[in-house]
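Working notes, beginning with the structure itself.
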There are 2 protein chains.
Amino acid sequence: MSMAEYKGKVRNIQDTPFGYTMSVIGGKWKMVIIYLLAENQPIRFNDLKRQIGAITFKMLSSQLKELEADGLVKRKEYPQVPPKVEYSLTDKAETLLPVLEKLCEWGVKNQNN
Amino acid sequence: MSMAEYKGKVRNIQDTPFGYTMSVIGGKWKMVIIYLLAENQPIRFNDLKRQIGAITFKMLSSQLKELEADGLVKRKEYPQVPPKVEYSLTDKAETLLPVLEKLCEWGVKNQNN
DNA sequence: CAGTATCCCAGTTGATACTG
DNA sequence: CAGTATCAACTGGGATACTG
């Protein structure tokens, strides 16, 4: 939906493409996870947790699951002991990176005015 | 901050330009408000509420205040009875519109796959 | 190692009534 | 008309302990 189509129609932002985008990347940690994945993939669960630092196991786990369900993150499990799981970005997630850059650029330009 | 600079540094997303952008537009209704303002400015409080539909007075009021504090929305009050207040976008907000379009475009392309 | 399960609190949002 | 005040409900996220 373009902006022009919004006029007089919006009842619930969740029903718009923007709402979809936000549902996919709007989580508190999702952007950080995507950024770090972009730079470090593939990466194991605990390595990712170390990179983020402040996040709890529970949050990292739930956010990764949602990202996987939304087709942004691939999860590869190695059947061995001790367990080993590697996370990486899907092609769909790669197409999102330029958009995220735009958000960052706007933030850089406008944070101090 | 570009993606490259994220590596090994992120502790709190709020401290990044992306975090700033989200703090400014991430509120539940802020994007809708900005979209509708872009199409209908200047617009009065109750007209805006009618356009959005589901929002409460309280939410519209608080979101507009935050947008104004962040320099995205202008508020013009006419000293008359009954009161009349018009809201419109600032230049800063106008620079945000192309970025929002990108988010929408990604949503359109990816909502069904 | 890579997670789950459980409990709980704090902040956000909603409903309703009221005001300058 | 353009809001504010108050209280209730919902929800996201954190702490901790446990498991295959």
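What you see below is based on every heavy atom in this structure, not just the backbone, and it leaves out hydrogens, waters and symmetry mates. Lettering follows sequence order; numbering is per chain, from 1.
The residue B:K49 sits apart from the nucleic acid: no heavy atom pair falls under 4.0 Å. Among the atoms of the strands shown, none is found under 4.0 Å from any heavy atom of B:Y78.
For A:E77 and C:dA2, the CD to P distance is 10 Å, given to the nearest whole Å. Taking atom CD of A:E86 as the reference point, atom P of C:dG3 lies 12 Å away to the nearest angstrom. For the pair A:L64 CG and D:dG13 P, the computed distance is 14 Å after rounding to whole Å. Per the geometry, CZ belonging to B:R44 stands 10 Å off P belonging to D:dG3, to the nearest Å. Look at CD on B:Q80: it is 9 Å from C1' on D:dC1, rounded to the nearest Å. Nucleotide D:dG13 holds its P atom 13 Å from the CG atom of A:L60, rounded to whole Å. Nucleotide D:dC1 holds its C1' atom 17 Å from the NZ atom of B:K76, rounded to whole Å. For the pair B:Y87 OH and D:dA2 P, the interatomic distance rounds to 8 Å; values are reported in whole Å.
Ranking D:dG3, C:dG20, C:dG3 by closeness to the A:R75 side chain, first place goes to C:dG3. Of the candidate nucleotides D:dG3, C:dC1, D:dA2, C:dC1 has the atom lying nearest to any side-chain atom of A:P83. Between D:dC1, D:dA2, C:dC1, one nucleotide has an atom nearer to the side chain of B:F45 than all others, and that is D:dA2. Candidate nucleotides C:dA2, C:dC1, D:dG3 were compared by shortest atom distance to the side chain of A:V85, and C:dA2 ranks first.
Summarising the geometry, atom CD belonging to B:E105 is positioned 11.5 Å from atom CG belonging to B:N110; distances are rounded to the nearest 0.5 Å. Interatomic distance, CG of A:L103 versus CD1 of A:I25, reported as 6.0 Å (0.5 Å rounding). B:K65 NZ to B:L60 CG: the interatomic distance, rounded to the nearest 0.5 Å, is 10.5 Å. Rounded to the nearest 0.5 angstrom, B:K49 NZ and B:L64 CG are separated by 12.0 Å.
Closest non-hydrogen pair, A:L72 versus A:A93, comes out as O-CB, 3.2 Å.
Cluster membership for B:F45 and B:Y78, using ILVMFWY side-chain heavy atoms within less than 4.5 angstrom, is not shared.
Side-chain atoms of B:K92 come within 3.5 Å of backbone atoms of B:D70 as a donor-acceptor pair (strictly under, hydrogens ignored). Formation of a donor-acceptor pair under 3.5 Å by the A:T90 side chain with backbone atoms of A:G71 is found in this model. Without hydrogens or angle criteria, B:S61 side chain to B:K58 main chain gives no donor-acceptor distance under 3.5 Å.
Take B:V85 and apply the side chain to side chain contact (heavy atoms under 4.5 Å, CB included) test, not counting sequence neighbours, and it matches B:R75, B:E77, B:Y87.
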Write down the protein N/O and nucleotide N/O pairs, taken from nucleotides 12-19 of chain C, whose separation is under 3.5 Å; answer none if there are no such pairs.
residue, atom, partner, partner atom, Å
C:dG14, OP1, B:K28, NZ, 2.9
C:dG14, N7, B:K58, NZ, 3.4
C:dG14, O6, B:K58, NZ, 2.1

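In DNA chain D, runs of at least 3 stacked Watson-Crick or G-U pairs (N1-N3 plus N6-O4 or O6-N4, or N1-O2 plus O6-N3, all under 3.5 Å) give these stems: C:1-20 with D:1-20.
For the OP1/OP2 pair of D:dT4 and a distance below 4.0 Å, the side-chain nitrogens and oxygens of B:S61 include at least one atom meeting the criterion.
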